[in-house]
Participant: 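Below is one structure. I have some questions about it.
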Amino acid sequence: MRGTRVVRGVGALRVLAAAGLMLGAAVAPAAAESPSPTSSASSDGDSAPTTAGTSFRTATEIEQGEKATANGSTGDYLYWSFPADLGQRPTVKATVKLPESGKRGAGQTWRIDVYDGLRRRQACQYGAQTRTVTPEASSVDLACTLRTVRGWAEPWADDPLPGTYYVRLTAVSVGSADLGRPASAEVEVDSKDIGGSAAVDGSLGKPLVPGIAVKSASDEESDDSAVLSSLDPDDGWSSGWWTDRWIWTAVGGVLAALAGIGGYALTKGNGRPRP
């Protein structure tokens, strides 16, 4: 009887190993084919923007992955906007090239801020968001990595949500003698796709982009409704329900079932002994 149980146990383990290999082969292509919300630079040959806006309404739109440049004056507010979707963790980088040190007075402090579609300032997880440079410095590098964009949040929360994000670059501390001096800036936005680990149970009805309410209200009346934001991720805005967490949940359920079958095969006997 013990020999029979050992043989059955080995057979069950072989079945579990084969099932695991089959599941791995099935999950790999499914994960590879899952849509990625991450945007990239436009491939139609268009050049990157070379100007910046002066307010939220006039912010220059940029795609993730492309480097935008702009010339301005020290003390001006420079604005750009970019789309960020569910599961992305955007990182905004900016480089400001300053005038020659001989033409500047005391040190300057530059700052980069990021706002969401509701124009709420978003906190940076890490990065040099504010930097003070000496009169001898020729440039200053700033960076801000936001929290992962969520699909849904409570009305009182300030969690980042899918939609348009605004970048504001300015000098927050500068001497009066340096105000108005020319300065050039480079801004670039990239995102890391966090995936199902950042998924939440819920989704927005519409992304937080300028003009979405106007467009939704007038869709039935006119097809030429105003749209103030023309950028969106390459694969479109996520619906909010699909994440790779569904795949691993299904795999975990199948493995649990196979483990139960294997345990039963290892522990069951031959029934009651015959009298």
Side-chain angles (χ1 to χ4, degrees), residues 34-43 46 48-49 52-53 55-68 78-94 111-127 129 142-155 157-169 185-213 215 227-245:
S34 61
S36 173
T38 305
S39 300
S40 58
S42 58
S43 58
D46 292 340
S55 66
F56 286 102
R57 292 185 60 85
T58 61
T60 298
E61 296 178 341
I62 61 174
E63 292 278 6
Q64 291 190 26
E66 69 178 359
K67 183 177 294 186
L78 304 179
Y79 287 83
W80 294 268
S81 65
F82 66 93
D85 203 4
L86 171 67
Q88 292 183 345
R89 181 182 292 168
T91 296
V92 181
K93 298 179 181 180
R111 181 183 180 90
I112 188 172
D113 293 302
V114 183
Y115 299 81
D116 65 4
L118 298 178
R119 300 184 185 179
R120 303 175 302 180
R121 181 178 173 274
Q122 292 295 313
C124 300
Q125 277 192 319
Y126 49 86
Q129 184 180 7
L142 304 169
C144 175
T145 298
L146 302 178
R147 295 169 295 170
T148 303
V149 178
R150 295 163 52 92
W152 176 85
E154 294 287 351
D158 62 348
D159 296 325
L161 298 171
T164 299
Y165 283 75
Y166 299 91
V167 180
R168 185 178 72 181
L169 176 65
E186 295 179 353
V187 173
E188 185 175 8
V189 181
D190 290 306
S191 287
K192 180 180 179 181
D193 189 0
I194 304 303
S197 60
V200 294
D201 296 331
S203 62
L204 294 179
K206 297 288 184 180
L208 300 177
V209 299
I212 191 67
K215 180 180 179 182
V227 179
L228 304 181
S229 178
S230 60
L231 293 181
D232 56 4
D234 290 344
D235 298 328
W237 295 103
S238 297
S239 61
W241 68 272
W242 169 258
T243 66
D244 54 8
R245 188 171 61 175

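Side chains are part of it too, since the values below use all heavy atoms of this structure and drop only hydrogens, waters and symmetry mates. These figures come from a predicted structure and were not determined experimentally.
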Participant: Between Ser191 and Gln64, is there a side-chain donor-acceptor contact under 3.5 Å, judged purely by atom types and distance?
Facilitator: yes
Participant: Taking only residues two or more places apart in sequence or in another chain, which ones pass side-chain contact (heavy atoms from CB on, under 4.5 Å) with Asp159?
Facilitator: Arg147, Arg150, Ala153, Ala157
Participant: Looking at Pro83 and Gln88, what are the two nearest heavy atoms and their distance?
Facilitator: O-OE1, 4.3 Å
Participant: Could you pull out all residues at least two apart from Tyr79 that satisfy side chain to side chain donor-acceptor pair (under 3.5 Å)?
Facilitator: none
Participant: Restricting to non-hydrogen atoms, name the atom on Gly87 and the atom on Asp193 that form the minimum distance, rounded to 0.1 Å.
Facilitator: O-OD1, 3.5 Å
Participant: What residues form a salt bridge (Lys or Arg N to Asp or Glu O under 4.0 Å) with Asp116, not counting sequence neighbours?
Facilitator: Arg120
Participant: Are Tyr115 and Tyr165 close enough, and set up right, to give a ring-ring contact (aromatic ring centres under 6.0 Å, His included), and what steps lead you there?
Facilitator: CA-CA 6 Å; Tyr115 299 81; Tyr165 283 75; over 10 Å; no
Participant: Identify the heavy atoms of Glu63 and Glu66 that sit nearest to each other, and give their distance.
Facilitator: N-OE2, 2.8 Å
Participant: If you compare all heavy atoms of Leu86 against all heavy atoms of Gly151, which two are closest, and at what distance to 0.1 Å?
Facilitator: CD1-N, 3.0 Å
Participant: Among residues at least two apart in sequence or on other chains, which ones pass side chain to side chain donor-acceptor pair (under 3.5 Å) with Thr60?
Facilitator: none
Participant: Give, for atom CH2 of Trp80 and atom CG of Leu78, the distance between the pair rounded to the nearest 0.5 Å.
Facilitator: 4.5 Å
Participant: Nearest heavy-atom pair of Pro162 and Val149: which atoms, and what distance?
Facilitator: N-CG1, 3.4 Å
Participant: Are the side chains of Thr91 and Val189 in touch, meaning some heavy atoms are under 4.5 Å apart?
Facilitator: no
Participant: Can you tell me how far apart CG (Leu169) and CD1 (Ile112) are? Round to the nearest 0.5 Å.
Facilitator: 6.0 Å
Participant: Not counting sequence neighbours, which residues clear side-chain contact (heavy atoms from CB on, under 4.5 Å) with Asp190? List them please.
Facilitator: Glu188
Participant: Among all residues two or more places apart in sequence or in another chain, which pass the side-chain contact (heavy atoms from CB on, under 4.5 Å) test with Leu208?
Facilitator: Leu118, Leu161, Leu204
Participant: I'd like to check the salt bridge (Lys or Arg N to Asp or Glu O under 4.0 Å) partners of Arg89; sequence neighbours left out, ordered by chain and number.
Facilitator: none
Participant: Could you list the residues that satisfy side-chain contact (heavy atoms from CB on, under 4.5 Å) with Pro207, not counting sequence neighbours?
Facilitator: Val209, Trp237
Participant: Is the shortest heavy-atom distance from the side chain of Leu146 to the side chain of Val114 under 4.5 Å?
Facilitator: yes
Participant: In this structure, which one of Val167, Thr145, Leu142 forms a side chain to side chain contact (heavy atoms under 4.5 Å, CB included) with Val92?
Facilitator: Val167
Participant: Measure the SG-CD distance between Cys144 and Gln125 for me, rounded to the nearest 0.5 Å.
Facilitator: 9.5 Å
Participant: Among side-chain atoms of Gln129 and Asp113, is any donor-acceptor pair under 3.5 angstrom?
Facilitator: yes
